[in-house]
Protein chains: 2
Amino acid sequence: MGIKLTDVAKKAGVSATTVSRVINNYGYLSQKTIDKVHKAMEELNYQPNSMARSLQGKNTQLIGLIFPTVSHPFYGEIVSKIETKLFEKGYKTILCDSANNKEKERDYLRMLIANKVDGIIAGAHNLDIIEYKNVGLPIISFDRYLAEGIPIVSSDSYQGGRLATEQLYQRGGRKIAIFTGTNESASPTNQRLNGYLSVIKEHHLDPMVYHFPLEYSPFLKATEIRQILSRDKIDSVFCTDDLTAILVINKAKELGLEIPEQLKVIGYDGTEFVQNYFPQLSTVLQPMDQFVDLLIDLLMKRINNADVELDNLYQLSVKFIQGQTS
Amino acid sequence: MGIKLTDVAKKAGVSATTVSRVINNYGYLSQKTIDKVHKAMEELNYQPNSMARSLQGKNTQLIGLIFPTVSHPFYGEIVSKIETKLFEKGYKTILCDSANNKEKERDYLRMLIANKVDGIIAGAHNLDIIEYKNVGLPIISFDRYLAEGIPIVSSDSYQGGRLATEQLYQRGGRKIAIFTGTNESASPTNQRLNGYLSVIKEHHLDPMVYHFPLEYSPFLKATEIRQILSRDKIDSVFCTDDLTAILVINKAKELGLEIPEQLKVIGYDGTEFVQNYFPQLSTVLQPMDQFVDLLIDLLMKRINNADVELDNLYQLSVKFIQGQTS
DNA sequence: ATGAAAGCGCTAACAA
DNA sequence: TTGTTAGCGCTTTCAT
């Protein structure tokens, strides 16, 4: 293997203990010794072995991130932000793209335990609640219900759903549809639907709810959207994510529908990516940076004190962004 | 800490060694013992400590991935694919978003060494070559020159550049511009420019080369693109990445330019994301899955035999995808 | 101010 | 077929 502590000790003419003290900046040391050791470390290009360090029961400074996939710009963006902030705090990130696959998620969870990560931030779940309960590690969840006692950070999806739907109504929409994912009753995301329904009800409109299974490919989804748009009388669509909204816009154009005159579209997420490359899209902006700050703050609290009292749900407020599609 | 091997040994009434043998499926064991141990492991919900294992000098089964940022769909997609494939092979992925930041990249490199990763796949570099040379770990590079002896996997950028430019010419383009990144002479990416130049020369056209610094925000880039489009006489643009192409299309629309009649645009990358959500874009498709397979194959070869002879450069062929923007 | 020795959880000779 | 023992690289009492 590489250069180790004893090599440095030998070179500097001191004991291993002393080198360890220098590295950890701990105990009494003469400046002369410190310099000697530093010099030896540099000459040997020495890197302490993290494995050996964490064997003592010290923190691994490793955090597991479980998200569906970073190939999705929304998750890519939040993962990137989390990773960056964690790195600044001296943590490394183990990336786990669960791919919405139960087996893979279970394997990952095991692996993270085996690797003695200090904590987990999870934005995906397909496992039974019990499996998350048994992890016995600090976990914070993003936008999903995992298990009792695991705090959830999410946007105020109910308000977000209301905001988008109300906008569509104000702009003249009367046949307002919602395009959303599969019904996961316990997750905050589902509140977008409830927000939509409440506004629909207030205005005495007919709800038009379309569910798209998670495992649908974008192509399949697009095909179905095209069918819906050409078949059903719809003048407005609230999509519970921006990418679906983009599909709707593409298909509407193919069908010769004028946007926003004949069809109004509002998305949900408002990533930097969408703001930069699809600035025309009206959307509900989720506070990504606040998510990240809060997720990490909460996780750090749990890591430093496993018994700290945390709320079950943290809801951050959203903002409507007026584009040209509504 | 958690449950350890000796706890299992005690519970099963055997020695630690025996438990170790069961875990590693190694040496002679009676079925009875195996069952006993398995039973104890399950009852205790035991997970071996990877740290302790790798201290013996065994592989950590950890791979470091250094890429600019997974918030970019191209890198998000390739990182996601790499991660998935590595996981299937029993490796875990440490994600390093270098953010094109020299300090961060250096810190990451140190950290990966300290964590004794088995290898590195790097798709970013801002460090001096010497630093990569000194890593002393299997490294494979994606699309960048890192140092002598570190194999590069990339698309055939020269051909790609020719392909796109030739297409623009065939479709009637005579004022063909290229929008590209900063000049990094040693990197394959730069060959896209050379491919462009060669076709321009063949047809006796004037080269129109626009460089955009890497650190430009999309907004800044868009502003500049708008200026260029309204100021200079250009009838075609070859963008060396798809996102820039999207910006060009957005700004062209703002300026009332008809696409492809008044302005033809071709991008480069052809991620699944762009194919799904921007199907109208003409682009040069990079073979993502082949990249991933090759990167991992090469890395595994180096991991299993540090002295294995590998080529310096692996160029995979690209494919032109005809959309509606050219 | 520094060093010797024990031990973190696991594996691998070597014995039995 | 199983157990004993030493040791991976580092930290941490306890001495000196």
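Letters A, B, ... mirror the listed sequences (proteins, then strands); counts begin at 1.
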Handout entry: Candidates A:D293, A:D289, A:T93, A:D297 - the one meeting side-chain hydrogen bond (donor to acceptor under 3.5 Å, both in side chains) with A:K85
Key = A:D293
Practice task
Scan B:T17 against the nucleic acid and name what it touches under 4.0 Å (heavy atoms): base, sugar-phosphate only, or nothing.
Solution key: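 Base contact - B:T17 has a heavy atom under 4.0 Å of at least one base atom.
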Practice task
Any pair with a residue in residues 299-314 of chain B that passes side chain to side chain donor-acceptor pair (under 3.5 Å), sequence neighbours left out, goes on the list, sorted by first then second residue, please.
Solution key: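 Every candidate side chain to side chain donor-acceptor pair (under 3.5 Å) pair involving residues 299-314 of chain B fails, so no pair, neighbours aside, qualifies.
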Handout entry: With sequence neighbours excluded, residues passing side chain to side chain contact (heavy atoms under 4.5 Å, CB included) with A:N100
Key =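 Partners of A:N100 by the side chain to side chain contact (heavy atoms under 4.5 Å, CB included) criterion, ordered by chain and then number, come out as A:P68, A:N126, A:L214.
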Problem - Evaluation steps, salt bridge (charged side-chain N to carboxylate O under 4.0 Å, His left out), between A:K102 and A:E105 - result: CA-CA 5 Å; A:K102 194 164 178 161; A:E105 193 169 329; over 6 Å; no
Problem - Interatomic distance where NZ belongs to B:K10 and C1' belongs to C:dG9 [whole Å] - result: 13 Å
Handout entry: Between D:dT4 (P) and B:R21 (CZ): distance, integer Å
Key =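 So the two atoms are 12 Å apart, to the nearest Å.
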Exercise for the section: Between C:dG3, C:dG9, D:dG3, spot the one nearest the side chain of B:V14, thanks. Expected result: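 Taking heavy atoms from C-beta onward, the closest nucleotide is D:dG3.
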Exercise for the section: To the nearest Å, give me how far apart NZ (B:K58) and P (C:dC10) are. Expected result: 14 Å
Exercise for the section: Report yes if the side chains of B:L62 and A:M51 come closer than 4.5 Å at any heavy-atom pair, otherwise no. Expected result: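 B:L62 reaches A:M51 side chain to side chain.
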Exercise for the section: Would you mind reporting whether A:L112 and A:C96 have side-chain heavy atoms less than 4.5 Å apart? Expected result: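 A side-chain contact exists here, since the closest heavy-atom pair is under 4.5 Å.
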Exercise for the section: Kindly say if B:R53 contacts the phosphate of C:dT11, meaning a side-chain N or O under 4.0 Å from OP1 or OP2. Expected result: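 Result: yes.
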Practice task
Taking only the side-chain nitrogens and oxygens of B:T18, find out if one of them lies under 4.0 Å from OP1 or OP2 of D:dT2.
Solution key: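 No, B:T18 has no side-chain N/O under 4.0 Å of OP1/OP2 on D:dT2.
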Handout entry: Nucleotide nearest A:P48 when distance is taken to its side chain, options C:dC10, D:dC10, C:dG3
Key = D:dC10
Practice task
Measure from CG on B:L5 to P on C:dA12 and round the result to the nearest Å.
Solution key: 12 Å
Handout entry: Any B:T6 side-chain N or O less than 4.0 Å from OP1/OP2 of C:dG9
Key = no
Exercise for the section: Look at all strands and tell whether B:S30 reaches a base, only sugar-phosphate, or nothing, counting heavy atoms closer than 4.0 Å. Expected result: sugar-phosphate
Exercise for the section: Write down the distance between CD (B:Q56) and C1' (C:dT11), rounded to a whole number of angstrom. Expected result: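 Checked: the CD to C1' distance equals 4 Å.
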Handout entry: Rounded interatomic separation in angstrom, taking CE from B:M51 and P from D:dT11
Key =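 These atoms are roughly 14 Å apart.
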Exercise for the section: Give one of base, sugar-phosphate or nothing for A:V19, where a contact means two heavy atoms less than 4.0 Å apart. Expected result: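 Since no nucleic acid heavy atom lies under 4.0 Å of A:V19, the category is nothing.
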Practice task
State which residue, out of A:K36, A:K10, A:K11, fulfils the salt bridge (charged side-chain N to carboxylate O under 4.0 Å, His left out) condition with A:E43.
Solution key: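 Filter result, single survivor: A:K11.
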Practice task
Please name the residue in the list B:Y75, B:F142, B:F74 that meets the ring-ring contact (aromatic ring centres under 6.0 Å, His included) test with B:F291.
Solution key: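 Single pass found, and it is B:F142.
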Problem - Short side-chain N/O contact to D:dT2 OP1/OP2 from B:T33, under 4.0 Å - result: yes
Exercise for the section: Round to a whole Å and report the spacing from OH of A:Y28 to P of D:dT16. Expected result: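 Value for this atom pair: 18 Å.
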Practice task
With the side chain of A:A52 defined as its heavy atoms from C-beta on, choose the nearest nucleotide among D:dG9, D:dT13, D:dG3.
Solution key: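 Selected nucleotide (nearest to the side chain): D:dG9.
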Practice task
Find the bend of the helix from C:dA1-D:dT16 to C:dA16-D:dT1 as the angle between its two terminal axes (five pairs each), to the nearest 10°.
Solution key: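 Angle reported: 40°, given to the nearest ten degrees.
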Problem - Spacing of A:M41 atom CE relative to D:dC10 atom P, expressed in whole Å - result: 11 Å
Handout entry: Closest to the A:Y46 side chain, choosing from C:dC8, D:dC10, D:dG3
Key = D:dC10
Fill in the blank from the handout: Of the candidates C:dC10, D:dT11, D:dT2, the side chain of A:N24 sits closest to D:dT11
